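Presented below is the structure to which this report refers.
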Amino acid sequence: MPEEKTQNRKSGQQRRRPPFQMRISTKYAPRKVADGETRSCTKDTSLTHEQLLELYRYLKLTRLVEERIVNLYRQTKVVGGVYRSLGQEATAVGSAYALRPDDFITPIIRDLGACFVKGIRPREIFAQYMAKAWGPSGGKDLNVHFGYMDKGFIGPISHLGDMIPVMTGILLGARMQEKDIVGLAYIGDGGASTGAFYEGMNFAAVQRLPLIVIAEYNHYAYSTPTSMQTAVRNLVERAAAFGIPGYIVDGNDVIACYEVTRQAVDYARKGRGAVLIEAKTYRRKGHAEHDDQRYIPEGEIEYWQKHNDPIDRFEKFLLDQKIATKEKLEEITAGVTREIDEDSEWAESSPMPEPEGAVYGVFDNSIVAPAFRPKVLES
Ligand SMILES: Cc1ncc(C[n+]2csc(CCOP(=O)(O)OP(=O)(O)O)c2C)c(N)n1
Ligand SMILES: [Mg+2]
C-alpha cells in the first residue's frame, strides 16, 4: 500500500505516515480457565502491596455504598432511580487509579468506583441520591450527575455518547492552554452505538488528543443484549475506523484494568493520541433497581456471580499472593463500613433544598444574575 502524505500541524511540513495497521492488544483480555479452576487476577503488575490494598478498599467502598443506597431507596429516601455497578466495579476502580490527580474523567452511571478514586466522598453521593441541599448539586440533579472542575470530574449528562465530544473539547482546550492532562471518558456498549461517540472519537483521533475511552461491554443496554444492537463482536474493532490503538481488557480483573489504562495513559501523555479500551464485564443487576431482569437467560447472573465476581477474584489474588491476610481484608471492610455509616448519617441530616435555590447556579451567576422572575424571589 502506498504511504500517505500528511501535513504536520505544527511545522506545516509534509511527513509520511505508513498505512494504518490494526493495533489491538489482547495481553490483558479475559482468558479461559480450566474446569474447576477459580479465577484470580493477573500477577503481571507494577503496583505495590500498599496500592493493591488501596484498590481493595475502593472496590469494597463502591459495593457497600451501592448497597446502602439500595437500603435508603427501599426506605423511600432516594429521589429517582438507583443504578448499580454490581459485578463491574473493577473496571471503574482499576482504570481511574491509573490517572494523575489533575487528569479529567467523565463517568457513566456504572462508574461510581471511579468517582471515589477521583476524590469524591461517599457522603456526597448519599446526599446527591437523596437530592439534599448539602449534596454537590444542591438537590438540582441526581446520582453521578454533578461535577467538580477542580477535581477534574466532569459530571455526565444523560444523553448517551455526548460526553465523548465534551471530553475531546476539554482536551483541545487544555492543549491550547498548554496543560499536560489526559482525559478518561467511560461509555456503555449501548452508548458506543451513538453518533456522538463516533464524532467525538474521530475528532480526538485526528487531532491526536490524549483521550482514553473505556467502552464497558457489560452485555446489556437496558434489556437489549449487545449482540442485538451492534454487529461487531468486540467494540474495540472500531478503533481501526479512527486509526487509533485499542485494548481488550478483562474488566473484572482490577489489576488488568489498571495496567492497560496506565499503558494508554503513557501513550496519550506522550502526545501520540487517543486510545480505545474495551472492558469485558457483566451487569449483574438490572438497568436500575426497578428492573426485574426477566429478559435474562436463566442461570446467567448466577454464573457470573459464582465464577467471575471482581471482588472475590481480587480477594483470592491478595490471599494467594500473601499480600494480605483474611483479617487484614476484614479490617479494611470494617473501616469502609464505619465511613459509610458516618457519611449516610451526615447526608440524612442534611435539609432538603430551599425552593428559591432552583433559580441559582443554572447559569454562572457571576456573569448572569439569577434574574428570571425576580418578583417571585423578592416577595
Ligand atoms: C442518546 C440516548 N438514547 C437513549 C437513552 C436512554 N438510555 C439511558 S441508559 C440506556 C442504556 C445504556 O446502556 P449502555 O450504554 O450499554 O450502558 P449500561 O447501562 O449498560 O452501563 C439508555 C438506552 C439516553 N440516555 N440517551
Ligand atoms: Mg451496557
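A quick note: this is a predicted structure, and the numbers were derived from the prediction, not measured. First listed ligand is number 1; within each ligand, the first listed atom is number 1.
Within a 6.0 Å radius of CZ in Arg272, no more than 12 heavy atoms belonging to other residues, nucleotides or ligands are found. At most 12 non-hydrogen atoms from other residues, nucleotides or ligands lie less than 6.0 angstrom from CD of Glu345. Atom CZ of Arg74 has 12 or fewer neighbouring heavy atoms from other residues, nucleotides or ligands inside a 6.0 Å radius. Around atom CD of Glu50, no more than 12 heavy atoms belonging to other residues, nucleotides or ligands sit under 6.0 Å away. Within a 6.0 Å radius of NE2 in His159, other residues, nucleotides and ligands contribute 12 heavy atoms or fewer.
For a distance threshold of 2.8 Å, the protein N, O or S atoms nearer than that to the Mg ion (ligand 2), listed by chain and number, are Asp189 OD1, Asn218 OD1, Tyr220 O.
Between Arg68 and Asp341 there is a salt bridge, with a side-chain nitrogen of the basic residue lying less than 4.0 Å from a carboxylate oxygen of the acidic one. At a threshold of 4.0 Å, the pair Glu67-Arg63 does not count as salt-bridged, since none of the basic side-chain nitrogens sits closer than that to a carboxylate oxygen.
Distance from atom 15 (O) of ligand 1 to its nearest protein heavy atom, with residue and atom name: Gly191 N, 2.8 Å. Remark: minimum distance from atom 11 (C) of ligand 1 to any protein heavy atom is reached at Tyr222 N, 3.7 Å. At the shortest separation from atom 2 (C) of ligand 1 among protein heavy atoms lies Leu160 N, 3.8 Å. For atom 19 (O) of ligand 1, the nearest non-hydrogen atom of the protein is Arg110 NH2, 2.9 Å. Of the protein's non-hydrogen atoms, the one nearest atom 17 (O) of ligand 1 is Gly188 CA, 3.7 Å. Ranking protein heavy atoms by distance to atom 14 (P) of ligand 1, first place goes to Gly190 N, 3.5 Å.
At a heavy-atom distance under 4.0 Å, only backbone atoms of Tyr220 (N, CA, C or O) approach ligand 1. Residue-level proximity to ligand 1 for Asn218 is carried by the side chain, the only part with a heavy atom below 4.0 angstrom. Here His287 has side-chain heavy atoms under 4.0 Å from ligand 1, and that is the only part of it that gets that close.
For Tyr282 and Tyr303, the ring centers sit 6.0 Å or farther from each other.
Side-chain atoms of Asp309 come within 3.5 Å of backbone atoms of Asp312 as a donor-acceptor pair (strictly under, hydrogens ignored).
For the pair Leu211 and Ala204, the tightest heavy-atom approach, listed with the atom from each and the gap, is CD2-CB, 3.6 Å.
Shown in contact with His159 at under 4.0 Å from a heavy atom are these atoms of ligand 1, numbered in order with element: 26 (N).
Looking at Phe116, Phe104, Phe146 one by one, the single match for ring pair (Phe, Tyr, Trp, His ring centres under 6.0 Å) with Phe153 turns out to be Phe146.
For the pair Ser158 and ligand 1, a heavy-atom separation below 4.0 Å is found.
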